[in-house]
Chemist: 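Before anything else, here's the structure in question.
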Protein chains: 2
Amino acid sequence: MTLKRVAQDLNLSVTTVSRALNGYSDVSESTREKVIDAARRVGYVPNRLAQALQRGTAEAVGIILPSQFGHFEDPFFLELLVGIGERLHNANLDLVVCAVPEGPAELDAYKRLVEGRRADAIIVARTRRQDERIDYLIDRGVPFVTHGRAETREPIAFIDADARTAFRRSTRRLIELGHRRIALIGAPEELFTAGERKAGYEDALREAGIAFDPNLYAVTKLNERGGTAAAERLLQAETRPTALLCANDTVALGALRIARRLGITVPEELSIVGFDDLPMAAQAEPALTTMRQDIRRAGARLAEMTCARLGGTAVNDLQELLEAPLIERESTGPAPGGA
Amino acid sequence: MTLKRVAQDLNLSVTTVSRALNGYSDVSESTREKVIDAARRVGYVPNRLAQALQRGTAEAVGIILPSQFGHFEDPFFLELLVGIGERLHNANLDLVVCAVPEGPAELDAYKRLVEGRRADAIIVARTRRQDERIDYLIDRGVPFVTHGRAETREPIAFIDADARTAFRRSTRRLIELGHRRIALIGAPEELFTAGERKAGYEDALREAGIAFDPNLYAVTKLNERGGTAAAERLLQAETRPTALLCANDTVALGALRIARRLGITVPEELSIVGFDDLPMAAQAEPALTTMRQDIRRAGARLAEMTCARLGGTAVNDLQELLEAPLIERESTGPAPGGA
DNA sequence: CCTGCGTTCCAAAACGTTTTGGAAAGGATA
DNA sequence: TATCCTTTCCAAAACGTTTTGGAACGCAGG
């Protein structure tokens with residue numbers, strides 16, 4: 001059912017029907033009523049493609065899933081997607097999702113989205129310190145918002161957890177509990193957030209006068225296998241750490257498993273801290289101490305910011321850092337050996 | 001950069017440029033080369049909206065995420081999404097994702113997708129026995145493919161795990177191990193798959209001459225909390241089951257936790273079986289016996305079938321049942337009390 | 001009676017493609 | 001020379017909207 005058909009039925013012009021439905025003032029109330037009525041009766045729904053073509057916008061925002069993520073490892077992403085999707089849906093914007101294997105194909109997918117005009121704006125997730133996707137979007141002048149910061153030549157719109165503060169706070173808390181040998185299992189260093197987490201950890205160490213020990217620092221992919229491998233290495237050193245700060249809940253749960261396997265009791269002999277507060281964290285045994293992120297809310301904000309960006313809000317007004325409070329559960333406790 | 005601009009640059013008509021780029025034979029090789037060359041030089045990419053409008057298709061397929069899923073509980077869905085997304089991307093189709101809260105808004109989202117012509121086809125996930133979404137799509141004559149079967153008035157295109165066979169096989173295996181009191185924690189009964197799983201379980205019991213005991217049957221939402229609640233109830237009955245068949249790995253892991261909390265050893269006193277084979281399953285302690293589904297592959301097939309459906313393949317040729325083989329790990333063993 | 005001003009309507013252009021139905025030019029055939 | 005193909009090109013219509021720039025009408029003020 002098209003506008004033209006509705007117009008013919010009513011003996012009106014398409015112009016009038018269009019303007020009646022879109023609330024213009026140059027159509028009388030009586031005909032407006034007739035039009036709205038008829039439209040509903042015949043089930044008229046505007047053709048989105050035609051609207052978009054005419055308006056010169058796609059009425060959609062794009063997001064790209066690097067498929068590796070999807071490999072079950074991180075429920076995180078689905079949650080983010082749902083947060084974004086719900087809010088966009090309310091704003092009557094489509095969410096166009098592309099899944100591509102991480103690697104060279106990734107940037108191509110962005111190009112296809114942008115240059116084929118399938119999306120008016122892009123949401124970039126899991127930002128890297130040097131991020132070619134962001135460079136590209138800046139070059140093209142495409143509105144975009146990122147989840148996570150990056151090192152860019154000009155300011156960008158982003159939302160991010162304040163991981164530095166969170167890790168500083170957690171580390172400080174562990175120090176307060178008497179820990180001195182605190183290890184960090186960090187994220188891959190190309191991720192911006194990896195640097196933040198490490199910096200927060202180092203901040204707290206410095207404040208307490210504890211030297212950073214490279215032997216207490218490991219890096220891992222953000223999945224459970226990565227967690228077990230890194231934890232295993234750290235825990236089998238001759239003088240092992242008394243506390244483990246993990247980039248991720250998934251990683252932390254991997255560490256927890258290794259500790260159990262090695263016969264190290266948590267939290268008596270080893271404290272473990274995660275990040276994200278996935279539901280799994282609360283249900284682990286012992287329940288995992290972690291830093292909480294409200295991911296769905298972050299997704300929703302991301303969507304709102306994208307709309308704001310499309311509405312012309314300046315990027316400088318679209319930069320948000322979210323607190324990630326420490327949730328102390330059972331996987332942390334006083335350092336062993338009664339300090 | 002539009003077709004018109006390219007045409008002007010070359011002193012050709014848009015027709016010729018269009019046809020040159022689309023490989024029609026009524027343009028000479030020399031001009032075709034010139035056109036292709038110029039197009040690449042100025043970075044011409046066709047406007048997808050214009051193409052779509054003209055062709056009368058959206059060049060996109062839609063899928064709707066009931067937001068509840070996203071609640072971290074089930075990595076399943078992300079995996080499916082990635083499988084679908086990758087394949088559609090290769091076919092140069094967009095994937096339009098809507099996230100809406102489960103409930104009345106859900107069907108509206110389908111309507112918006114279909115009637116606004118945002119999608120040429122729809123993928124429906126997590127089918128219910130009586131599924132109004134499917135009824136709607138049939139009524140509208142929209143091509144669609146489902147993940148999971150449903151009770152419909154006419155045949156539909158679907159892909160589904162053969163849960164009945166899988167549950168029958170697992171139950172039979174437990175009986176072989178000497179179990180007689182085998183409980184089933186099933187999915188909510190409105191889901192089609194719930195009936196299949198129960199039927200497979202009952203098939204095996206019947207074959208072994210064991211009567212179905214309603215006290216050994218519970219139903220739960222497909223998340224960890226549901227698993228713990230149902231398992232708790234079943235395990236605290238006076239004569240508790242010696243084996244637990246779970247609708248889901250997530251549910252099974254919940255059950256595992258409860259067993260541990262109640263001091264019931266697995267698998268010595270209680271065998272537990274899951275479904276899906278999430279990576280978490282292999283890493284649980286003890287490692288979970290489960291039925292394997294290759295979800296990403298299912299997603300990919302779903303995408304292929306959608307394309308086939310758009311290409312006119314009959315629904316009867318687009319019905320696939322996938323095996324879900326039993327993966328025996330450490331959470332199952334001989335029935336206690338030496339049968 | 002003319003002018004000016006609201007009010008209400010509409011024809012036509014535009015968005016960027018694809019496709020239809022020729023047209024022009026050149027060569028071969030009669 | 002007239003006719004008929006081939007080859008190569010193109011003008012214009014179409015897809016379904018939104019928007020521009022009036023037009024027609026009635027009415028008040030002069």
Side-chain angles (χ1 to χ4, degrees), chain A residues 1-39 42-60 92-94 112-120, chain B residues 1-39 42-60 92-94 112-120:
Chain A
M1 182 51 66
T2 75
L3 215 44
K4 199 201 296 191
R5 298 265 293 279
V6 178
Q8 281 169 348
D9 287 358
L10 291 168
N11 261 325
L12 285 171
S13 72
V14 287
T15 309
T16 304
V17 175
S18 172
R19 311 206 105 216
L21 292 173
N22 290 319
Y24 281 74
S25 66
D26 65 350
V27 28
S28 74
E29 275 316 310
S30 69
T31 66
R32 185 195 307 284
E33 270 171 37
K34 266 185 281 184
V35 169
I36 289 177
D37 203 58
V42 301
Y44 168 75
V45 176
N47 180 321
R48 176 132 263 242
L49 298 166
Q51 281 185 326
L53 178 60
Q54 149 69 25
R55 298 212 261 250
T57 73
E59 316 277 305
N92 197 21
L93 285 172
D94 289 346
R112 210 158 94 177
L113 226 41
V114 167
E115 280 157 37
R117 279 170 205 74
R118 302 169 186 213
D120 302 321
Chain B
M1 183 51 66
T2 75
L3 215 45
K4 199 202 296 193
R5 300 264 293 278
V6 178
Q8 281 169 347
D9 288 359
L10 292 168
N11 261 327
L12 285 171
S13 72
V14 288
T15 308
T16 304
V17 175
S18 171
R19 312 206 105 215
L21 292 173
N22 290 318
Y24 280 73
S25 65
D26 64 351
V27 29
S28 75
E29 275 315 311
S30 69
T31 69
R32 184 194 307 285
E33 270 171 37
K34 265 184 281 183
V35 168
I36 289 177
D37 203 59
V42 301
Y44 168 75
V45 176
N47 181 321
R48 173 135 267 236
L49 298 167
Q51 281 185 327
L53 178 60
Q54 150 69 27
R55 294 190 190 142
T57 73
E59 316 276 307
N92 197 22
L93 286 172
D94 289 345
R112 211 159 94 178
L113 226 41
V114 166
E115 282 157 36
R117 281 171 204 74
R118 302 171 186 212
D120 301 322

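Every chain is numbered from 1 and lettered A, B, ... according to where its sequence line falls, protein lines coming before strand lines.
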Chemist: Atom CZ of A/Arg48 to atom P of D/dT18: distance rounded to whole Å?
Modeler: 11 Å

Chemist: Starting at atom CG of A/Leu10, determine the distance to atom P of C/dC10, rounded to an integer number of angstrom.
Modeler: 10 Å

Chemist: Nearest to the B/Tyr44 side chain among D/dT17, C/dG16, C/dT17, which nucleotide is it?
Modeler: C/dT17

Chemist: Establish, with yes or no, whether the OP1 or OP2 oxygen of D/dT8 is under 4.0 angstrom from a side-chain nitrogen or oxygen of B/Tyr24.
Modeler: no

Chemist: Can you tell me if B/Ser18 touches the phosphate of C/dT17, counting only side-chain N or O atoms and a distance under 4.0 Å to OP1 or OP2?
Modeler: no

Chemist: Among C/dC10, D/dT18, C/dT18, which nucleotide has an atom closest to any side-chain atom of A/Asp26?
Modeler: C/dC10

Chemist: Tell me which nucleotide among C/dC9, D/dC10, C/dG16 gets nearest to the side chain of A/Thr31.
Modeler: C/dC9

Chemist: Does B/Gln54 have a side-chain nitrogen or oxygen under 4.0 Å from the phosphate oxygens OP1 or OP2 of C/dT19?
Modeler: no

Chemist: In terms of side-chain heavy atoms of A/Thr15, which of D/dT19, C/dC15, D/dG16 is nearest?
Modeler: D/dT19

Chemist: Determine whether A/Arg48 and B/Arg118 make a side-chain contact, defined as any pair of heavy atoms from C-beta on separated by less than 4.5 Å.
Modeler: yes

Chemist: Would you classify B/Arg55 as touching base, sugar-phosphate or nothing, given that sugar-phosphate means primed atoms plus P, OP1 and OP2, and contacts are heavy atoms under 4.0 Å?
Modeler: sugar-phosphate

Chemist: Given atom CD of A/Gln8 and atom P of D/dG16, what is their separation to the nearest angstrom?
Modeler: 12 Å

Chemist: Whole angstrom is fine here: how far is it from NZ in A/Lys4 over to P in C/dC10?
Modeler: 15 Å

Chemist: Measure CD/A/Glu59 against P/D/dT18 and give the value in whole Å, please.
Modeler: 10 Å

Chemist: For C/dT18, take OP1 and OP2 only and decide whether either is under 4.0 Å from a side-chain N or O of B/Asn22.
Modeler: yes

Chemist: Rounding to an integer number of Å, can you tell me how far A/Arg19 CZ sits from C/dA11 C1'?
Modeler: 13 Å

Chemist: Side chain of B/Thr16, heavy atoms from C-beta onward: which of D/dT18, D/dT19, D/dC10 has the nearest atom to it?
Modeler: D/dC10

Chemist: Is there a side-chain contact between A/Glu59 and A/Gln51 in this structure, where contact means two heavy atoms from C-beta onward sitting under 4.5 Å apart?
Modeler: no

Chemist: Is any side-chain heavy atom of B/Asn47 closer than 4.5 Å to a side-chain heavy atom of B/Thr2?
Modeler: no

Chemist: In this structure, how many angstroms lie between the C1' atom of C/dA14 and the CG atom of B/Leu3, rounded?
Modeler: 16 Å

Chemist: Establish, from distance only, whether the side-chain atoms of A/Thr31 and A/Ser28 form a donor-acceptor pair under 3.5 Å.
Modeler: yes

Chemist: Under 4.0 Å between any heavy atoms, over every strand shown, what does A/Leu49 touch: base, sugar-phosphate, or nothing? Just pick one.
Modeler: nothing

Chemist: With a 4.5 Å limit on heavy-atom distance, are the side chains of A/Val17 and A/Tyr44 in contact?
Modeler: no

Chemist: Round to the nearest Å and state the distance from A/Leu53 atom CG to C/dA13 atom P.
Modeler: 17 Å

